[in-house]
Number of protein chains: 2
Amino acid sequence: MAPTRNSKPDKAAIICQALRRAIIEQALKPGTKLPEDALGERFGASRTIARHALGQLAAEGLVELRRNRIAVVATPSWQEARDTFDIRIELERLVVRQLAGQLDAGQIARLRAHVDAEDGARGGPDTVSIRLATEFHILLAEMTESPILIRYVSEISYRCCLILATFSRPHSSDCAISEHRALIDALEAGRVDDVMNLMHHHLEAVADRALVAPAKPRGRDIMDILAPYAEPAPVAPAGQPRVRAIMR
Amino acid sequence: MAPTRNSKPDKAAIICQALRRAIIEQALKPGTKLPEDALGERFGASRTIARHALGQLAAEGLVELRRNRIAVVATPSWQEARDTFDIRIELERLVVRQLAGQLDAGQIARLRAHVDAEDGARGGPDTVSIRLATEFHILLAEMTESPILIRYVSEISYRCCLILATFSRPHSSDCAISEHRALIDALEAGRVDDVMNLMHHHLEAVADRALVAPAKPRGRDIMDILAPYAEPAPVAPAGQPRVRAIMR
DNA sequence: GGCATTCCGATTGCATGCAGTTTGGCATGA
DNA sequence: TCATGCCAAACTGCATGCAATCGGAATGCC
């Protein structure tokens with residue numbers, strides 16, 4: 001009775017997992033088409049299942065789903081990228097606020113082991129470093145044992161991977177390892193304010209290192225660029241004034 | 001060409017919308033079963049569509065989806081409720097940080113009109129007041145024009161409705177109207193720190209008013225209650241020490 | 001009477017089929 | 001050469017069908 005467990009791990013979930021990994025490791029680049037039947041066939045399932053998986057990934061923001069059109073890997077805009085990191089900072093500050101001084105020796109050891117693994121991946125492909133760094137943050141979130149926090153941090157961290165894939169220049173995000181170590185030290189010492197600030201600045205640094213504002217418009221977004229030119233006569237301030245605070 | 005618009009609003013999305021409203025207005029209480037074919041029949045669609053809609057709502061955390069079992073309206077635990085409000089506070093602080101001093105007269109007017117509507121709903125059923133109050137927050141989020149922020153705030157606000165439905169004592173959350181007005185004033189004046197603090201305390205107040213810790217265990221959660229008794233011999237500190245900071 | 005077992009209806013997991021829409025190439029004409 | 005219109009292939013939207021699984025009632029056993 002006990003050993004049965006969740007014997008059937010849900011076919012759609014498998015496809016989801018595979019696509020997620022492929023996307024965050026940039027095996028599937030933003031804009032890549034994801035036809036339902038091709039996916040289904042590849043994973044030995046029907047379109048129905050592939051469709052379901054795509055729906056989930058769309059809910060996570062990794063995939064764009066347009067009606068009657070082939071699904072594609074999402075291509076975050078630059079402004080979305082900024083907003084995403086802003087949200088991530090606040091969420092992860094919550095994480096470390098909950099964890100500071102609350103972790104037992106085993107948990108601290110697990111964290112250190114993970115960072116060592118990150119260290120070991122230096123020199124390897126960038127995508128692996130990025131994935132490992134992301135998994136460190138997710139590991140932290142999981143230690144809160146708060147389902148919502150875990151879900152949100154995971155989701156937004158994966159999205160940040162996608163963003164890095166879209167905007168980052170090559171070789172930019174491995175010096176984060178020492179910052180991860182500092183985080184662990186502060187967590188262990190239990191100084192809440194310190195660790196929250198560390199996390200804040202760590203993520204800000206990641207964002208600033210990665211998010212080089214696109215001088216030449218990267219990839220798609222062509223329609224966005226053309227939008228102002230589509231107005232017939234730009235005499236008055238065109239359209240509604242966009243109400244976005246310019247942050248940082 | 002222009003008048004076509006999105007002519008097909010997606011059947012699954014309709015079901016989603018309907019269920020969401022029903023859930024946040026407590027027409028569907030936590031724990032209510034949601035069988036696929038019953039749903040499909042009710043909305044003139046097939047099980048496939050109903051299933052898809054349930055998947056979406058599960059991704060939003062409004063529905064619980066267990067394999068081979070009937071889907072049910074989610075029943076948040078008390079700890080989840082606390083965590084959810086903590087996250088919501090940070091997200092909405094971001095919202096007002098972006099909006100302070102950036103709204104035009106029309107937007108301010110729309111906000112005031114909405115609060116007036118809330119006022120008009122006083123004395124009506126609690127569920128309507130709660131929905132209107134929630135929509136005020138979502139309206140704010142939409143004014144940021146940040147898709148991610150809008151998505152997260154909407155999602156978590158709906159979840160908070162569900163939480164209120166689960167834990168709130170009757171007659172608790174209508175005095176929020178004056179706080180909404182204060183928020184608008186501060187937004188218009190553009191004092192960022194003020195409005196962030198107002199939002200923080202407003203949401204904290206809502207949480208404190210609503211989240212009465214359940215002395216007698218409310219409804220289901222029987223398994224939770226039994227959990228400690230399931231341990232064979234509670235001699236030593238049972239299992240791993242739960243690592244949750246007790247906040248506030 | 002209390003408890004384990006068996007069996008059947010209810011319900012989900014998944015695949016397939018058909019209709020409607022979009023895409024992109026090709027032919028036609030200026 | 002370039003623009004235009006048409007058509008077939010590709011793909012999605014959705015419904016239905018079949019097998020697997022679950023929950024609960026009836027049954028048998030002590």
Side-chain angles (χ1 to χ4, degrees), chain A residues 1-19 28 30-59 62-75 219-220 222-223, chain B residues 1-19 28 30-60 62-75 219-223 226 230:
Chain A
M1 183 212 244
T4 60
R5 299 299 282 165
N6 291 336
S7 46
K8 295 261 189 170
D10 204 342
K11 247 168 169 178
I14 306 220
I15 299 185
C16 250
Q17 190 79 12
L19 283 181
L28 297 173
T32 307
K33 292 183 189 176
L34 303 169
E36 293 175 359
D37 33 12
L39 278 180
E41 195 176 4
R42 174 66 189 78
F43 287 92
S46 77
R47 287 199 307 119
T48 310
I49 305 306
R51 182 185 188 73
H52 194 71
L54 287 174
Q56 292 301 308
L57 292 172
L62 294 182
V63 160
E64 280 168 20
L65 224 48
R66 297 110 81 213
R67 184 176 177 85
N68 279 325
R69 286 211 192 31
I70 304 180
V72 295
V73 177
T75 65
R220 43 220 75 249
I222 304 174
M223 295 317 293
Chain B
M1 185 210 243
T4 59
R5 298 302 280 165
N6 291 336
S7 46
K8 295 262 189 168
D10 204 343
K11 246 168 168 178
I14 303 208
I15 300 185
C16 250
Q17 190 78 13
L19 283 181
L28 297 173
T32 307
K33 292 184 191 175
L34 303 170
E36 293 175 359
D37 34 9
L39 279 180
E41 195 176 4
R42 174 64 189 79
F43 287 92
S46 77
R47 286 199 306 119
T48 308
I49 306 305
R51 182 186 189 72
H52 194 70
L54 287 174
Q56 293 300 308
L57 292 172
E60 296 176 25
L62 293 182
V63 159
E64 280 169 21
L65 222 50
R66 296 111 80 208
R67 185 178 176 84
N68 280 325
R69 285 213 192 25
I70 304 180
V72 295
V73 177
T75 66
R220 43 218 77 246
D221 292 83
I222 304 173
M223 295 318 294
L226 290 180

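Reminder, nothing fancy here: chain letters follow the sequence lines and each chain counts from 1.
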Checklist entry - How close or far is atom C1' of C:dG20 from atom CG of B:Asp10, stated in whole angstroms? => result 14 Å
Checklist outcome for this item: Between the CD1 atom in B:Ile15 and the CD atom in B:Gln56, the distance rounded to the nearest 0.5 Å is 11.5 Å
Next on the checklist: Just to be sure I understand the geometry, which residues of residues 37-50 of chain A put a non-hydrogen atom under 4.0 Å away from DNA chain C?
Outcome noted: A:Gly44, A:Ala45, A:Ser46, A:Arg47, A:Thr48, A:Ile49
Next on the checklist: Without decimals, in angstroms, what is the distance between A:Glu64 CD and D:dT12 C1'?
Outcome noted: 17 Å
Item to check | Nearest-angstrom distance from the residue atom CG of A:Leu34 to P of D:dC11 | outcome: 12 Å
Checklist entry - Taking atom C1' of D:dA20 as reference, at what distance in whole Å does atom NZ of A:Lys11 sit? => result 13 Å
Next on the checklist: Applying side chain to side chain contact (heavy atoms under 4.5 Å, CB included), can you list everything that pairs with A:Ala58, at least two apart in sequence or on another chain?
Outcome noted: A:Leu65
Next on the checklist: Do B:Leu28 and B:Leu34 make a side-chain contact, defined as non-hydrogen atoms from C-beta onward lying under 4.5 Å apart?
Outcome noted: yes
Item to check | Integer-rounded Å distance: D:dA20 C1' and B:Arg67 CZ | outcome: 10 Å
Checklist entry - Does anything in residues 49-59 of chain A pair up under salt bridge (charged side-chain N to carboxylate O under 4.0 Å, His left out), and if so which pairs, sequence neighbours excluded? => result A:Glu36-A:Arg51
Item to check | Rounded distance (Å) that lies between atom P of D:dG13 and atom NE2 of A:His52 | outcome: 15 Å
Checklist entry - Under 4.0 Å: is that the gap between some side-chain N or O of B:Arg69 and OP1 or OP2 of D:dG23? => result yes
Checklist entry - To the nearest Å, how far apart are A:Ile14 CD1 and C:dC14 P? => result 10 Å
Checklist entry - So which one's nearest nucleotide on DNA chain D is more toward 5', B:Asn68 or B:Lys33? => result B:Asn68
Checklist entry - Which residues satisfy the side chain to side chain contact (heavy atoms under 4.5 Å, CB included) test with A:Ile70, sequence neighbours excluded? => result A:Lys33, A:Pro35
Checklist entry - For B:Glu60, what residues pass the salt bridge (Lys or Arg N to Asp or Glu O under 4.0 Å) criterion, not counting sequence neighbours? => result B:Arg20
Next on the checklist: OP1 or OP2 of C:dG13 versus the side-chain N and O atoms of B:Arg51: is any pair under 4.0 Å?
Outcome noted: yes
Item to check | Spacing of B:Glu36 atom CD relative to D:dC22 atom P, expressed in whole Å | outcome: 15 Å
Next on the checklist: Going by the rule salt bridge (Lys or Arg N to Asp or Glu O under 4.0 Å), which residues pair with B:Glu64 if we only count those two or more places apart in sequence or in a different chain?
Outcome noted: none
